[in-house]
Undergrad: 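Questions regarding the structure given below will be posed in turn.
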Amino acid sequence: VQLQASGGGLVQAGGSLPVSCAASGRTFSSYVMGWFRQAPGKEREFVARLSARGDTTYYGDSVKGRFTISRDNAKNTVFLQMNSLKSEDTAVYYCAAAPAYLGGISYYSAPNNYPYWGQGTLVTVSS
């Protein structure tokens with residue numbers, strides 16, 4: 001699976017920004033899709049993940065209630081809608097894919113369990 005993230009940019013605090021990730025290959029619907037982010041000097045942080053069928057979501061505590069992950073399996077695309085953005089949301093955002101049915105919540109929250117990664121897209125939130 002090859003992943004291509006897009007949609008990052010500069011936004012003011014309190015604003016919204018959608019990012020998306022297009023995947024190649026015909027087996028997109030068999031992968032759990034995740035979003036992670038990494039700010040300068042910090043470790044990669046789990047943001048959100050979505051089950052292969054798109055019926056189960058899980059969010060990191062820092063984005064819960066503000067971000068929404070979704071997918072369109074017909075278009076091989078996963079989305080992350082970011083609302084009520086804060087300066088601390090500034091980071092490079094990465095989409096990632098992992099085969100489904102390998103583990104539970106904690107498994108798919110760990111970046112090391114995702115074998116496929118996009119190149120990242122920078123989101124900068126100005127205060």
Side-chain angles (χ1 to χ4, degrees):
V1 177
Q2 291 186 326
L3 304 174
Q4 180 76 35
S6 61
L10 176 64
V11 62
Q12 288 189 335
S16 298
L17 189 70
V19 292
S20 61
C21 176
S24 63
R26 294 178 292 177
T27 59
F28 176 74
S29 60
S30 66
Y31 287 90
V32 170
M33 297 302 298
W35 283 97
F36 293 79
R37 67 186 182 186
Q38 190 164 18
K42 295 188 176 181
E43 293 186 351
R44 194 162 295 192
E45 175 189 15
F46 169 76
V47 174
R49 65 94 166 156
L50 180 58
S51 63
R53 293 186 298 182
D55 56 354
T56 304
T57 58
Y58 190 74
Y59 296 91
D61 289 341
S62 61
V63 306
K64 202 171 295 182
R66 300 187 297 122
F67 290 11
T68 302
I69 187 172
S70 61
R71 67 192 295 163
D72 184 338
N73 284 346
K75 297 182 178 179
N76 283 10
T77 304
V78 62
F79 307 94
L80 184 69
Q81 177 65 41
M82 302 182 288
N83 298 328
S84 302
L85 283 160
K86 307 174 182 179
S87 58
E88 51 263 43
D89 294 318
T90 295
V92 176
Y93 283 72
Y94 298 90
C95 59
Y101 309 115
L102 295 182
I105 292 174
S106 60
Y107 182 89
Y108 287 111
S109 298
N112 289 344
N113 292 327
Y114 287 77
Y116 306 105
W117 289 84
Q119 85 287 2
T121 185
L122 176 62
V123 173
T124 303
V125 184
S126 63
S127 57

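On a predicted model such as this, the values are computed, not experimentally measured, just so you know. Residue indices begin at 1 and follow the sequence shown.
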Undergrad: Please report the shortest heavy-atom distance between Y108 and P99, naming the atom on each side.
TA: OH-O, 2.6 Å
Undergrad: Tell me whether L17 is reachable from L122 by hopping between hydrophobic residues (I, L, V, M, F, W, Y) whose side-chain heavy atoms are closer than 4.5 Å.
TA: no
Undergrad: So, taking the atom named CG in L85 and the one named OG in S127, what distance separates them when rounded to the nearest 0.5 Å?
TA: 12.5 Å
Undergrad: Any side-chain heavy atom of S109 within less than 4.5 Å of one from R49?
TA: no
Undergrad: Would you say W35 and V78 make side-chain contact, with heavy atoms under 4.5 Å?
TA: yes
Undergrad: Side-chain contact test, heavy atoms from C-beta onward, threshold under 4.5 Å: evaluate it for T77 versus F28 and give yes or no.
TA: no
Undergrad: Testing the basics here: between S24 and N76, what is the closest heavy-atom pair and its distance to 0.1 Å?
TA: C-ND2, 4.3 Å
Undergrad: Do F46 and V92 belong to the same hydrophobic cluster, where Ile, Leu, Val, Met, Phe, Trp and Tyr are linked whenever their side-chain heavy atoms lie under 4.5 Å apart, directly or via other members?
TA: yes
Undergrad: Would you say the side chain of V32 lies within less than 4.5 Å of the side chain of Y101, judging by non-hydrogen atoms?
TA: no
Undergrad: In terms of the angle between their ring planes, are F67 and Y93 parallel, tilted or perpendicular, with boundaries placed at 30° and 60°?
TA: tilted
Undergrad: Mark yes when over 12 heavy atoms from residues, nucleotides or ligands other than K64 sit less than 6.0 Å from its NZ; otherwise mark no.
TA: yes
Undergrad: Looking at every heavy atom in both V1 and Y116, which two are closest together, and how far apart are they?
TA: O-CD2, 3.4 Å
Undergrad: If you look at every heavy atom in A48 and Y59, which pair is closest and at what distance?
TA: CB-CD2, 3.5 Å
Undergrad: I'd like to check M82 versus V125 (side-chain heavy atoms, cut-off strictly below 4.5 Å). Are they in contact?
TA: no
Undergrad: Can you name the nearest heavy-atom pair linking S16 to Q81, along with the distance?
TA: CB-NE2, 3.8 Å
Undergrad: Any chance you could measure S51, atom OG, to M33, atom CE, to the nearest 0.5 Å?
TA: 12.0 Å
Undergrad: Give me the atom names and distance for the closest heavy-atom approach of A97 to L3.
TA: N-CD1, 3.8 Å
Undergrad: Should V63 and V19 be regarded as members of a common hydrophobic cluster, given that ILVMFWY residues are connected when their side-chain heavy atoms come within less than 4.5 Å of each other, either directly or indirectly?
TA: yes
Undergrad: Any sub-3.5 Å donor-acceptor pair from Y114's side-chain atoms to C95's backbone N or O?
TA: no
Undergrad: Main chain of V123, side chain of R37: is a donor-acceptor contact present, judged purely on distance under 3.5 Å?
TA: no
Undergrad: With no hydrogens and no angle check, just 3.5 Å: does a side-chain donor-acceptor pair link S6 and S20?
TA: yes
Undergrad: Under the criterion side chain to side chain contact (heavy atoms under 4.5 Å, CB included), I'd like the reasoning laid out for F79 against T68: C-alpha separation, chi angles, the key distance, then a yes or no.
TA: CA-CA 8 Å; F79 307 94; T68 302; over 6 Å; no
Undergrad: For G54, is there any backbone N or O sitting under 3.5 Å from a side-chain donor or acceptor partner on R71?
TA: no
Undergrad: Is there a path from V47 to L50 through hydrophobic residues (I, L, V, M, F, W, Y) whose side chains come within less than 4.5 Å of each other?
TA: yes
Undergrad: Is the closest side-chain heavy-atom distance between N113 and L102 below 4.5 Å?
TA: no
Undergrad: Ignoring hydrogens and angles, tell me if any N or O in the side chain of Q119 forms a donor-acceptor pair with the backbone of A5 under 3.5 Å.
TA: yes
Undergrad: Under a 3.5 Å threshold, yes or no: a donor from one side chain and an acceptor from the other, between S62 and E88?
TA: no
Undergrad: Using a 6.0 Å cut-off, check whether atom CD of Q2 has over 12 heavy atoms from anything other than its own residue.
TA: no
Undergrad: Is there a side-chain contact between Y58 and I69 (heavy atoms, below 4.5 Å)?
TA: no
Undergrad: If we ignore hydrogens and angles and just use 3.5 Å, is the side chain of N73 paired with the main-chain N or O of S29 as donor and acceptor?
TA: no
